[in-house]
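Note sheet for the following structure.
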Amino acid sequence: MNMTVIISTLTIASVIIGSGFISGKEIATFFSRFGTISFACIILAFAIYFFTIKLILIHASKILDRLSSSRLASISSLIISIVITSAMFAGLTKVLQFHFVFNLLILFIIIIGATFVFKRGLKALSKINLFFTGTSILIFSFLIFSRLGDNIVTLKSSIFAPIYSLLYVALNLSLSIVIIASIGKKLSSRQKTRVAFLSALVLCLLIFIVNIVLLQNQSLLGQDMPILSLFSGGARIVMQIIIFISCLTSIYSLVFSTSVSLRGLCKNEFINFGVSIILPLFIGLIGYGVIIDYVYPIISVLSVIVLIDLLFIPFFKRTNKKIHSSGKDTKKGDACHNDIKF
């Protein structure tokens, strides 16, 4: 398989597979709590991921142009990125239970890395994700497979299940749309299809496996990090490292997305850096569970607005232009006919 396709897939996955995903908190909130109907919702999520990612990759340049010209899309995208970045920082505080000085040192290293991505952009991000995201997905898959049982606890289904799954997908797509579009500018038509398919497949296979494990352990659904609670000893330490890496790659990816949105609103790089990194760090003090349980569903509605603005409004504008241009051509044709004398 083409290395460009693999790197592009991992870069897209790095935005979505953060601490909320790996810890199982997002999956529990948007899928598992609705019972076995969640499996049908995962299939629906796969279809939407595939077609929307492919659409973004195909119309990459137009989407980025629209983002730079639309204040609504830029501000909405900015709010979403800041909230998710704050959740990643909050996730780090849940995982890093070390001495204060050691935690401070790790935080300093993270900020240095985020600064590198802020300055160097997509190239730096791709290099980081090639190793870290791929490795963490493989190790996480091995660990989660070891916790698969035989029986699935049947929970009461809800009519809201498809709505929550759609909101979850919309949230992730609006969050990663800048990165997906930036990647799309450099891919061939065949590569775009492969990247869209692989990205949707990797994400939904992981959601599927985590969903099974959570439905087999119903008592964990209300915890801040339900998947982490399944492990002890050395396996728990490894899982904590995986959550840490997923937080790291998500923060770096989100810093890139936030910086792109900000540069369309503000030219001061010092302010942009502060909003991209420092502001989410302080917002994360609200608490990991609070952000995912209550703030995520709210901003997922905002993410629908972003997708409509970036994907559908440009399409309607292009359609209207074609209609008007064809109407003008028709009028010109009629005028030509009127000028003919017999």
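The basis for the numbers below is simple: all heavy atoms, side chains too, and nothing from hydrogens, waters or symmetry mates. Computed from a predicted structure; not experimentally measured.
Looking at L57, N2, I180, I183 one by one, the single match for side-chain contact (heavy atoms from CB on, under 4.5 Å) with S8 turns out to be I183.
Under the 4.5 Å side-chain heavy-atom criterion for Ile, Leu, Val, Met, Phe, Trp and Tyr, L198 and I48 are members of the same hydrophobic cluster. L78 and L64 fall into different hydrophobic clusters, where Ile, Leu, Val, Met, Phe, Trp and Tyr side chains are chained together by heavy-atom contacts under 4.5 Å. Grouping the Ile, Leu, Val, Met, Phe, Trp and Tyr side chains by contacts below 4.5 angstrom, directly or via other members, places V301 apart from I298. In the hydrophobic cluster analysis, where Ile, Leu, Val, Met, Phe, Trp and Tyr join through side-chain heavy atoms closer than 4.5 angstrom, V15 is grouped apart from F50. The hydrophobic clustering, which links ILVMFWY residues whose side-chain heavy atoms are closer than 4.5 Å, places L310 and F51 apart.
In this structure, S176 OG and L203 CG are separated by 8.5 Å, a value rounded to the nearest 0.5 Å. Once rounded to the nearest 0.5 Å, the distance linking CD1 of I12 with CG of L175 reads 12.5 Å. Rounding to the nearest 0.5 angstrom, the gap separating the CD1 atom in I177 from the CD1 atom in I179 is 11.5 Å. Taken to the nearest 0.5 Å, the CZ atom of R194 stands 12.0 Å off from the NZ atom of K54. One finds the OG atom of S32 at 4.0 Å from the CG atom of L214 (value rounded to the nearest 0.5 Å). Rounded to the nearest 0.5 angstrom, I278 CD1 and T85 OG1 are separated by 12.0 Å.
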Does the pair S165 and L44 meet the rule for a side chain to side chain contact (heavy atoms under 4.5 Å, CB included), with working shown?
CA-CA 8 Å; S165 62; L44 175 64; 4.3 Å; yes
Run the side chain to side chain contact (heavy atoms under 4.5 Å, CB included) test on L215 and S38 for me, step by step, so that the C-alpha distance in whole Å, both residues' side-chain angles and the decisive distance to 0.1 Å come before the verdict.
CA-CA 10 Å; L215 289 177; S38 58; 4.1 Å; yes
Quick one, L311 with H59, criterion side chain to side chain contact (heavy atoms under 4.5 Å, CB included). Give me CA distance, side-chain angles, the key distance, then yes/no.
CA-CA 9 Å; L311 291 176; H59 299 290; over 6 Å; no
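With hydrogens and angles disregarded, a donor-acceptor distance shorter than 3.5 Å links the side chain of S136 to the backbone of T133. Judged by distance alone, with hydrogens and angles left aside, the side-chain atoms of S23 form no donor-acceptor pair with the main-chain N or O of M225 at under 3.5 Å. Side-chain N or O atoms of S174 include one that pairs as donor or acceptor with a backbone N or O of L171 at under 3.5 Å. Listed for the T52 side chain is no donor-acceptor partner under 3.5 Å among the backbone atoms of Y49. For the pair S70 (side chain) and A73 (backbone), a donor-acceptor distance under 3.5 Å is present. A donor-acceptor pair is defined here as one N or O able to donate and one able to accept, closer than 3.5 Å; no such pair exists between the side chain of D309 and the backbone of I305. Looking only at distances, a side-chain donor or acceptor of K25 sits under 3.5 Å from a matching main-chain atom of Q223. Counting only distance, with no hydrogens or angles, the side chain of S246 and the backbone of I243 share a donor-acceptor pair below 3.5 Å. Using a distance-only test at 3.5 Å, with no hydrogens or angles considered, no donor-acceptor pair links the side chain of T249 to the main chain of G18. For the pair S69 (side chain) and R66 (backbone), a donor-acceptor distance under 3.5 Å is present.
In this structure, R33 forms no cation-pi arrangement with F160, as its terminal cationic atom is not both closer than 6.0 Å to the ring centre and no more than 45° off the ring axis.
The side-chain heavy atoms of I63 and I56, taken from C-beta on, include a pair separated by under 4.5 Å. For the pair E26/I207, no side-chain contact is recorded, criterion being any heavy-atom separation below 4.5 Å from C-beta on. A heavy-atom distance below 4.5 Å is not found between the side chains of L173 and S303. Here the side chains of N217 and P226 are not in contact, with every heavy-atom distance at 4.5 Å or above. Counting heavy atoms from C-beta outward, L279 and S86 have side chains that stay 4.5 Å or more apart. The closest side-chain heavy-atom distance from V275 to I82 is below 4.5 Å. Looking at F31 and Y168, their side chains come closer than 4.5 Å, going by heavy atoms from C-beta outward. Side-chain contact check for I84 versus I291: every heavy-atom pair is 4.5 Å or farther apart.
Taking both residues in full, the closest heavy atoms of V304 and A170 are given as CG2-CB, 3.9 Å, listed atom of the first, atom of the second, then distance. Taking every heavy atom of both residues into account, K192 and G184 meet most closely at CE-O, 3.2 Å. Contact detail for P297 and S300: the closest heavy-atom pair is O-OG, 2.5 Å. Taking every heavy atom of both residues into account, G284 and A90 meet most closely at O-CB, 3.4 Å. In terms of heavy-atom proximity, S250 sits nearest to M88 at CB-SD, 3.7 Å.
For F46, the CZ atom counts as densely surrounded, since its 6.0 Å shell holds more than 12 non-hydrogen atoms of other residues, nucleotides or ligands. With a 6.0 Å radius and a threshold of 12 heavy atoms from other residues, nucleotides or ligands, F231 has its CZ atom above the threshold.
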Identify all side-chain donor-acceptor contacts of residues 138-148 below 3.5 Å with residues at least two apart in sequence or on another chain.
unit_1: S141; atom_1: OG; unit_2: I137; atom_2: O; d: 2.7
unit_1: S146; atom_1: OG; unit_2: L143; atom_2: O; d: 2.4
unit_1: R147; atom_1: NE; unit_2: L230; atom_2: O; d: 3.3

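In this structure, F208 has its ring center under 6.0 Å from that of F39.
Taking the six-membered ring for Trp and thresholds of 30 and 60 degrees, F30 and Y296 have ring planes inclined between 30 and 60 degrees apart.
Applying the salt bridge (charged side-chain N to carboxylate O under 4.0 Å, His left out) definition to pairs two or more places apart or across chains, none involves residues 37-47.
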